[in-house]
Amino acid sequence: MNYFLSFSFMTCKSFLHPRVSITAQENENGKSYSTKVARNPKMERLRYNYLFPEISARELQHVTEYPNAKVISLGIGDTTEPLPDVVASSMANYAHSLSTLKGYRGYGAEQGSKELRKAISETFYKDMGIKDTEVFVSDGAQCDISRLQLLFGSNMSIAVQDPIFPAYIDSSVIIGQAGDVENESGTYQNVEYMKCEPQNSFFPDLSKAASTDIMFFCSPNNPSGHAATYEQLEELVQFAQKNGSIIVYDSAYAVYITEDRPRSIYEIPGAKKVAIEVSSFSKIAGFTGVRLGWTVVPEELLYANGFPVINDFNRIVCTCFNGASRIAQAGGLASLSSDGFKAVLSLVDYYKENAEILLETFQSLGLRAYGGINAPYLWVHFPGSNSWDVFNEILEKTHIITVPGSGFGPAGKEFIRVTAFGHRENILEASKRLRNLFS
Amino acid sequence: MSAIQHQNFSTSISSSTSTFLGKTEFKNIKTLNVLIPSKISGVVKCVASPSAEKTTAYKTKVSRNENMAKLQAGYLFPEIARRKAAHMSKFPDARVISLGIGDTTEPIPEVITSAMSKRSYALSTVDGYSGYGAEQGEKKLRASIASTYYANLGIEEDDIFVSDGAKSDISRLQVLFGSNVTISVQDPSYPAYVDSSVILGQTGQFQKDVEKFGNIEYMRCTPENGFFPDLSTVRRTDIIFFCSPNNPTGCAASRDQLTKLVQFAKENGSIIVYDSAYAMYVSDDSPRSIFEIPGAKEVALEVSSFSKYAGFTGVRLGWTAVPKELLYSNGFPVAKDFNRIVCTCFNGASNIAQAGGLACVSPEGIKAMQNVVGFYKENTDIIVDTFNSLGFKVYGGKNAPYVWVHFPGQSSWDVFGEILEKTHVVTTPGSGFGPGGECFIRVSAFGNRENVLEACKRFKQLYK
């Protein structure tokens, strides 16, 4: 939780809370010394606080206001179920081994342990021709996204889905690719927003999309829950090939797919020449706090001058990072073992059942709920409404935290994101309360 | 740390530099077809880039980040690892001893690992499971770091940002500052400051004649100036990176020197990024934190790490302290933007590592860390004594686990190569840390006692 920024929390009709701009006058004693270092103008461009600490702050505020209410959090997509024993004990044992002469290890390879890289390539990219040397283990997708932005630099044009997980845009602003925010729409200049809505089945109309250097594409999608089909991803890869773009494909929720949809962009022919894939153990193995993920950069992916992207990414990883925690990596390896993978997938099933329950609830109330089938998110449509108003109403009347859709982009304005992560009894209780509210 | 194995993707594709490949002359190579330098032993291969071999390979239309192209060869330590690996294949029976990369070797004290085991098990229980933690770190850990390292210095819990280590923090700080700032570094210095600066676009091109990147102010630290720069000759820059106790020279700045540095920063309106990763190695009354200097909170932030205290090089845990008083020119607090970076570009250090960190700063943990540090300090003494007895001019070693040995008139890569070939001991050539490191070798004191003693025996044989 970010107590530090909670002062800036104000209800705001259309957008996230604009940050109060601090000027010298607001210092406690107006004569405070200031350095002569200019604030990074790109940070100045960030109009709002990052979405999820804002939601946390709002939750804290609500809990303080209603100390007796049993607040149920279906907001931030945080896993709730304990780790399987086989995974936890592998980490416990590894930690213990670090106190022994034989078992102690210092710095690991920045790219990750060979065994883990191999296990990832074999588990998730079997028969797709992805080598272990193309897998870079990290401390999570959020960090990888920023490292990719560092890699690409500020002279890139980017395209994102709208709505989308905010880290792509925010990191783009920070690195200097995105321009200033346009006040009316709340979108940033120099970013191509590819609208994903019910009318286009949550896949952008690429015939209308401008060509950009980088295309961020998350599937199964956070927040809409839509998993792109083979045809859609073929179209995407072809579009990227035609324009010479690089796709950054976020597959963090691939294991939640129930229907026949691609789990990796590399299932699409030609993708290795145009795409990087980012993924994470967070939602696979409950590692949201343990911190482990990976990025695949195929050797065939080349810059315009023929230079392999993987070389530069490796340089970034060696210079700006020092490897994921060895203990987390031991846990990752255990979670991909035969027993471990079964165990983590049964937790995934648990969350998928939660999603079914919530989907059923919303549908039975006559609300238009999307997602929930191939992702642990439901994207519920409240036509004509403002998502922050709906968010507030749900919170006030049912003590349930959700996430207002406009936090994910302008196309989210009439939507609410509900996550399926939670203890079963909370999911059931939440369903009950929602039925009361909306029937 | 292992280097990437696939040979045809050697990162030494761009034009080479004598800082890495020795004094071999190269033309400034703009194309990607790189010559194989004949003077270098065959183990370091610069191979033609793939585009020369597959001219029909599909290329995107995305331009390579020109900042990446400015970097000269690979990051220093993977290069050392690569040289070591090559040497080991050449001499499979040799007992290669590594005093190169500053990698800890001694087991982590049990009081610390048992806390991590306990936390791991707890994650498999209903009551003990936790998901996302605060990006800034767990409250208790932040508070304990503040009270352990900054007691009475006015640095509080919420000024502490827990991370996965100093190296990551340095890059996040660079992202925070952006491309329009100028930086100064000590020369020699830990390469991550310069390399991250290049990547962020703060610098100009590498200038081969002086072995420096344009737009970086290099503050020479030599025996003649007691390894503290003559600030009267230093140009103003926005950011000053300062590491003390210093990696690689091993020298710790005195209270007087740091007072001058803080004054200098204040006069120039600069921000000091103070790297105190080796503070626990200080033996004398040199300051352990920049915040011991009055006025520092208005001009400095401090980065540190559990790596060299608790052997956490593989566990990954560190922190950055950003005082509330540190303000940009428009009065905006640096900490607020750093917090935003931490929330957006990071997602917190591993909860298991943090549990270990909390044990580190418990009373028992602190004692245990002091023992570990003490062990490496004894190693340092042994190495210092060895080189002293051989008549070398030796620096550092008193307040840091690094010994900085002078080889006047010699190329540090040549000395590195000779030591490696003749004693099978890996060290680090000083020029890897900047032009001010030329003619020096860094010997790190991390190693098990037997290896350190054996290495010193071999040095004595080589240089008697």
Side-chain angles (χ1 to χ4, degrees), chain A residues 1 4 22-24 33-40 42-43 50 53 78-79 82-83 85 88 91-92 95-96 98-100 104-109 139-140 142-143 146 153 170 213 244 246 273 288-291 302-307 311-312 314-315 318-322 325-328, chain B residues 1-2 4 9 11 51 58-65 67-68 75 78 103-104 107-108 110 113 116-117 120-121 123-126 129-134 164-165 167-168 171 178 195 238 269 271 298 313-316 327-332 337 339 343-347 350-353:
Chain A
M1 286 219 221
F4 194 51
I22 306 293
T23 59
Y33 167 84
S34 296
T35 66
K36 292 196 183 112
V37 180
R39 184 184 181 205
N40 184 350
K42 295 156 191 167
M43 296 300 294
Y50 191 57
D78 195 5
T79 48
L83 302 181
D85 284 337
M91 294 196 289
H96 172 74
L98 292 173
S99 63
T100 67
Y104 179 74
R105 298 285 182 277
Y107 285 117
D139 61 328
Q142 187 147 297
C143 308
S146 280
D170 285 22
D213 294 303
I246 293 177
K273 299 181 181 139
T288 40
V290 174
R291 308 309 315 146
L302 309 177
Y303 286 117
N305 66 355
F307 194 85
N311 280 28
D312 275 353
N314 184 64
R315 185 52 148 104
C318 290
T319 309
C320 307
F321 184 52
N322 226 334
S325 176
R326 283 184 180 271
I327 302 172
Chain B
M1 298 195 280
S2 65
I4 260 199
F9 294 112
T11 52
S51 67
Y58 170 86
K59 295 182 269 228
T60 67
K61 293 198 183 113
V62 179
S63 302
R64 185 185 180 203
N65 182 347
N67 295 327
M68 297 301 295
Y75 187 60
D103 194 6
T104 47
I108 298 174
E110 263 197 68
T113 54
M116 295 195 288
S117 293
S120 302
Y121 281 124
L123 291 172
S124 64
T125 67
V126 170
Y129 180 78
S130 60
Y132 285 118
D164 64 318
K167 198 173 186 204
S168 307
S171 280
D195 284 20
D238 293 306
I271 293 176
E298 293 172 326
T313 40
V315 174
R316 310 307 317 145
L327 310 176
Y328 287 116
S329 55
N330 66 353
F332 194 89
D337 273 352
N339 185 66
C343 290
T344 310
C345 307
F346 185 52
N347 225 332
S350 176
N351 49 16
I352 298 169

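Just so we're on the same page: letters track the sequence lines, and every chain starts at 1.
- Distance CG/L98(A) to OG1/T313(B): 9.0 Å, rounded to 0.5 Å.
- Side chains of D195(B) and R315(A) form a contact here, defined as non-hydrogen atoms less than 4.5 Å apart.
- Contact check for I352(B) versus M91(A): side-chain heavy atoms found under the 4.5 Å cut-off.
- For chain B, the option among A95(A), A38(A), S146(A), G106(A) with the highest count of heavy-atom pairs below 4.5 Å is G106(A).
- Interface remark: S99(A) contributes backbone and side-chain atoms alike to the contact with chain B (heavy atom separation under 4.5 Å).
- With a 4.5 Å cut-off on non-hydrogen atoms, Y104(A) touches chain B through its side chain but not through its backbone.
- Only the side chain of S171(B) comes within contact range of chain A, judged by heavy atoms closer than 4.5 Å.
- Distance check: Q142(A) CD to T344(B) OG1 gives 7.0 Å after rounding to the nearest 0.5 Å.
- Heavy atoms closer than 4.5 Å to chain B are found in the backbone of T100(A), but not in its side chain.
- No donor-acceptor distance shorter than 3.5 angstrom exists from the side chain of T113(B) to the backbone of H96(A), with no hydrogens or angles considered.
- Highest contact tally toward chain B, considering only G153(A), G140(A), S325(A), is held by S325(A) [criterion: heavy-atom pairs under 4.5 Å].
- Taking both residues in full, the closest heavy atoms of N347(B) and C143(A) are given as N-SG, 4.1 Å, listed atom of the first, atom of the second, then distance.
- Contacts between K273(A) and chain B at a heavy-atom distance below 4.5 Å involve backbone atoms as well as side-chain atoms.
- Only the side chain of D139(A) comes within contact range of chain B, with heavy atoms under 4.5 Å apart.
- Using a 4.5 Å heavy-atom cutoff, the side chains of V126(B) and P82(A) are in contact.
- Across all non-hydrogen atoms, the minimal contact from D78(A) to Y132(B) is OD1-N, 2.9 Å.
- Both the backbone and the side chain of Y328(B) come within contact range of chain A, judged by heavy atoms closer than 4.5 Å.
- Contact count against chain A (heavy-atom pairs under 4.5 Å) is highest for S350(B) among A353(B), S350(B), S63(B).
- Listed for the K167(B) side chain is no donor-acceptor partner under 3.5 Å among the backbone atoms of C320(A).
- Interface remark: of the candidates S168(B), G131(B), G178(B), G131(B) forms the most heavy-atom pairs closer than 4.5 Å to chain A.
- Under the 4.0 Å criterion applied to side-chain N and carboxylate O atoms, R64(B) and D312(A) are assigned as salt-bridge partners.
- Using a 4.0 Å cut-off between a side-chain N of Lys or Arg and a carboxylate O of Asp or Glu, R39(A) and D337(B) qualify as a salt bridge.
- Listed for the S329(B) side chain is no donor-acceptor partner under 3.5 Å among the backbone atoms of T35(A).
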